[in-house]
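Take this structure first; my questions come after.
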Amino acid sequence: MQRSLDARQGECGALSCSAMPYEPQSIEARWQDFWRQRETFRAERDPAKPKYYVLDMFPYPSGAGLHVGHPKGYIATDVLARYKRMRGYDVLHPMGWDAFGLPAEQYAIETGVHPRETTRRNIATFKRQIESLGLSYDWSREIDTTDPGYYRWTQWIFQRLFERDLAYQAEVPVNWCPALGTVLANEEVIDGKSERGGHPVVRMPMKQWMLRITAYADRLLEDLEELDWPEPIKKMQRDWIGRSEGAEVRFPVADHEDLTIEIFTTRPDTLFGATYMVLAPEHPLVSRITTDEQRAAVSEYVQATNRRSERARMADGKRKTGVATGAFAVHPVTGARLPIWIADYVVAGYGTGAIMAVPGHDERDFEFAQTFDLPIVHVVDVAGQELPTTGDGTSVNSGFLDGLPSAEARRRMIAWLEAEGRGRGRVTTRLRDWLFSRQRYWGEPFPVLHLEDGTVKLVPERDLPVRLPELDDFRPSGDQRTPLERATAWMETVDPETGQKARRDRNTMPQWAGSCWYFLRFVDPHNETEPWSRECEQSWMPVDLYVGGAEHAVLHLLYARFWHKFLYDLGLVSTKEPFRKLVNQGMILGSSWRYYDDNVTDDPAARPRVLSFRDVRAEEERIVAADDGRELKARWVAPDRVRLVEGRTLHPTLDIELEEVIEKMSKSRGNVVNPDTIIAQYGADSMRLYEMFLGPLDKEAPWTTEGIHGVHRFLQRVWRLFVDDDLPGEPARPLSEEHGPDTQERLSAETIHGVSEDLEALRFNTAIAKLMVFARDATKEAPLSRRSGEAFVKLLAPLAPHLAEELWQKLGHTESIAYAAWPLADPALLASTTMTLAVQINGKRRDEIQVPADADDDTVRSAALAAENVRRHLAGRQPRKVIVVPGRLVNVVL
RNA sequence: GCCCGGGUGGCGAAAUGGUAGACGCGGGCGACUUAAAAUCGCCUGGCCUCAGGCCUUGCAGGUUCGAGUCCUGCCCCGGGCACCA
């Protein structure tokens, strides 16, 4: 940079030297206003152009606002949206709010502020933060799931489900969470606790709305094949659906002519090895078949099972427990009497809640049989292995199956069962119908009326939406009454068609309802006569790229696919699947510092003993003091409060060394970084660039505030490439209208080529690296040519849009760069005239040679053998073999 | 236990079976400065007998002219599922 040091000195005499050369704060606000006022990103559909629908999983606007981890996916989709626009696509890039749900309501209960109010405030904060990143959303399509104009159509879709018998009410055992005062879907229960809040959940029967997602199980499974989704996510969905093939077999109960036990097995070939039966403790037949002698023991076991949470059951490990019912079943083939047991290793919710136990070929049955001294029979021979064997082999001791390989034996047994009327081939799924009602306030009301005669009918379409009633008290009642039942005037109504007295439904829909179809509303958000028009749907759907967190693998993504398939069957959408390509962005991690104390109960009056991480050890799940073994609790120190003393990291006031822990950002750890602070200091473009530069999009990465310096320096360098801030009044450095030197033109072509490829593949980190190389090297030999300079600004535009707009304007353009045509690399420049080849000897790099790009193998070979260091290694010997890899290297084998 | 990812400099990371460590952080040296910051330039995996050479992508083998990349076995970390019949 030999440019005018003299000018700089001259300037310093007259003016302050502290003027910032590149001031993102003023640039960014100006361009954000520009985009807003011009509606630059309003999506319009021109049928002559290809379309690109790029979508973020819309956020739940929580009270805490965004931290730097949230926008990573939004930035990535924004880069792609901007890139695709410049590539000539019509881009649909919308944003909205998934605003119904528990946290707003929990907050309302704590503070007394209406959820509508907190939701409004939270949305305002989220929107301000998102806008400050310069994301190119079409805000005219903003959606809020709590808006009656939106949930009207959520209710409308529910009505269509009801009409097709895909929504029904049933008395089912549900996951009741007393602390939240609601039931939860299976997907919302993790380890026997609620996904939100970690409260205990108990199973109990209740009348609930259900959606028949099981009717779509096969299609949800099959159509995964055609999706460009991460393999682990597809796998999780397959596992969740849990399809397995096998047979249903009916075992008559001895001495109860009217009773049969129905079981499901994937191994009908082992039927001859069944030596006893097991029912889940909750199985409906238990009380009917239990003999008087066993009744006391059985009921005690059933109660004990109910009391123990699933967590406690798991903590017990694999120890088998159970009680005999005293009853017997009749083996459908041999007629043998098999004792019927109950045991909690058979779960009520899977299959039929009953099994035939084949201890010879099932590890669980084997353990149980050993524990209770039940007979074990060998019916499948697997290459001399000892029992229990669970793999395929050859049937033995199995009557008409003897000698058959397992697969054939299965077919033969199913045929026999069907011929004898004792069973049939069957496929089961682990997936169960979706429990769709919640006993909460902040959700969509069900658009139905319960008439006095018990019938349920739909609210007429013209009366939609059924609005949420106003309530002052949102609390769950503690019993099973719901908040809506307090709105008595709202609950008691009349059927507008018959004039009969009617009650509204007391439940609301779960949080997932609104997100099942929001991507469809985005294509036609202001339509008041239908949820979306056919025309809009066909011009934008499906979503071409969907980016969001992996935590939605089996919740939102499965539910949304289910609704979409249903809408497809109705002819309302034209694609079987809503999301063609899915990418999970990796989390951004924060760092905090840890120590321990013995105030395990968080007693504020305690004077705890404080320990460094060096003085503790892990004992199973707990952390204890290394010396006296007392139990400890982890404490956290935010990174800005630690003291660095002689290379050690210490507590702010105490003399103990802290341990750095890098994990998901959360309030409780004090490791959250607010994007507002980063943007105020470095600007949105630096923030965007940094998050994209950290590493591959789908990988998690730790946030470090030093790291952002690098990309900020890069943007400053870019600024100076175009703007001479030492010459006030000069809008831009004059760029040469001539072609630059060959090296510059070639670098430009390579950068265009490389950045384009990287953006297509979502490799933002390497795209940025290539831009950095250009900015570093382009002006080494000569000033930048206009041609290369403008191409570079365009390449930068998707990643750092504010700076690119500013430079584009300084280069004399009056239109936004947002729709400027993406540059194309001159292929002639990509092919260089000479090339540098590495020369290896026995696979080790020893020298390099320069040869013309079109040199033939012989020329390359002799050049390689003539290289100085090669001659030294050869020392007169003849190489055994010379391998020429065109364009790459030469390997001389001795 | 089972199923996925992943182990590369002090750190974040690059690398169609073909020059390992691009780019960035941090660090070092120098220029500019009264000074500092900012900026700019150079250096920065380890070791040695240093114009050269040896070692190096979790560990141990294998395939290949050539392996971070492919194969076999193992170790460690992260995630998902978990008595699923």
Side-chain angles (χ1 to χ4, degrees), chain A residues 1-3 5 8-9 12 17-18 20-21 191 230-236 238-240 242-244 246 263-267 270 278 280 313-314 316-320 343-347 349-358 361-365 367-368 390 428-430 550-551 553-554 663 689-690 693-696 698-711 713-714 716-717 720 763 765-773 776 836-848 868-869 872 879-894:
Chain A
M1 290 275 153
Q2 69 273 51
R3 78 186 154 81
L5 289 172
R8 173 181 285 259
Q9 280 167 344
C12 281
C17 264
S18 64
M20 279 283 290
D191 291 346
E231 224 22 77
I233 299 291
K234 291 199 204 179
K235 174 83 163 60
M236 283 164 71
R238 282 190 199 106
D239 288 350
W240 189 263
R243 184 180 196 275
S244 55
I263 62 105
F264 174 76
T265 177
T266 53
R267 294 296 303 273
T270 64
V278 185
R313 284 201 213 178
M314 279 197 296
D316 262 1
K318 304 289 175 197
R319 204 173 71 240
K320 295 286 181 289
D344 66 3
Y345 85 92
V346 173
V347 297
Y350 184 75
T352 61
I355 61 157
M356 67 172 190
V358 184
H361 306 284
D362 181 286
E363 281 171 19
R364 297 152 299 174
D365 298 345
E367 283 169 30
F368 192 83
T390 55
T428 54
T429 57
R430 192 182 103 115
E551 66 274 18
V554 290
E663 60 193 343
L689 224 49
Y690 178 58
F693 189 60
L694 273 173
D698 55 357
K699 251 195 92 178
E700 58 186 34
W703 177 276
T704 64
T705 299
E706 303 82 62
I708 203 169
H709 292 147
V711 291
R713 275 200 277 264
F714 161 67
Q716 288 183 331
R717 189 201 279 265
R720 286 193 310 271
R763 289 189 302 252
N765 53 334
T766 51
I768 294 165
K770 289 179 175 89
L771 293 172
M772 286 172 164
V773 171
R776 183 192 64 192
T836 306
L837 299 184
V839 184
Q840 298 181 331
I841 291 170
N842 290 339
K844 275 192 197 302
R845 184 182 182 281
R846 294 298 177 189
D847 210 333
E848 60 181 39
E868 189 188 329
N869 209 18
R872 221 167 48 79
R880 277 203 320 194
K881 200 167 166 188
V882 178
I883 293 154
V884 178
V885 184
R888 287 282 176 185
L889 51 66
V890 182
N891 190 9
V892 178
V893 183
L894 291 180

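Order of the sequence lines fixes the chain letters, A, B, ..., with proteins taken first and strands second; residue numbering starts at 1 for each chain.
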Contacts of A:Asp847 meeting side-chain hydrogen bond (donor to acceptor under 3.5 Å, both in side chains) (sequence neighbours excluded), chain-then-number -> none

With sequence neighbours left out, the residues meeting side-chain contact (heavy atoms from CB on, under 4.5 Å) with A:Glu363 are A:Pro388, A:Thr390

Check your understanding: Closer than 4.0 Å, any side-chain N/O of A:Arg720 to the OP1 or OP2 of B:C40?
Key -> yes

Residues at least two apart in sequence or cross-chain that pass side-chain hydrogen bond (donor to acceptor under 3.5 Å, both in side chains) with A:Arg845, listed by chain then number, are A:Glu848

The side-chain hydrogen bond (donor to acceptor under 3.5 Å, both in side chains) partners of A:Arg776 (sequence neighbours excluded) come to none

Reading nucleotides 1-10 of chain B from 5' to 3' and marking B where a protein heavy atom lies under 4.0 Å of the base, S where only the sugar-phosphate is that close, and - otherwise, the string is --SS------

Sorted by chain and number, sequence neighbours left out, ring pair (Phe, Tyr, Trp, His ring centres under 6.0 Å) with A:Tyr350 holds for none

Here the pair of heavy atoms bringing A:Ala553 nearest to A:Ile233 is CB-CD1, 3.6 Å

Hits for side-chain hydrogen bond (donor to acceptor under 3.5 Å, both in side chains) against A:Asp239, two or more places apart or cross-chain, chain-then-number order -> A:Lys235

Validation: residues 880-894 of chain A side-chain donor-acceptor distances under 3.5 Å, sequence neighbours left out:
unit_1	atom_1	unit_2	atom_2	d
A:Asn891	OD1	A:Asn842	N	3.4
A:Asn891	OD1	A:Gly843	N	3.0

Residue set satisfying side-chain contact (heavy atoms from CB on, under 4.5 Å) with A:Arg364, at least two apart, ordered chain then number -> A:Lys320, A:Tyr345, A:Asp362

Here RNA chain B, pairs taken as Watson-Crick or G-U under 3.5 Å and shown with ( ), [ ] when crossing and | when to another strand, reads (((((((..(((.....[....)))((((((.......))))))((((...))))..(((((..]....))))))))))))....

Base orientation of B:G80, chi within 90° of 0 counted as syn, else anti, reads anti

Report all interatomic pairs (protein N or O, nucleotide N or O of nucleotides 67-69 of chain B) with separations under 3.5 Å.
none

* Quick one: is A:Arg872 getting a side-chain N or O under 4.0 Å of the B:G53 phosphate, OP1 or OP2? -> yes

A:Tyr690 meets the ring pair (Phe, Tyr, Trp, His ring centres under 6.0 Å) criterion, sequence neighbours left out, with A:Trp703

| task | Taking only the side-chain nitrogens and oxygens of A:Arg717, find out if one of them lies under 4.0 Å from OP1 or OP2 of B:U39. | result | no

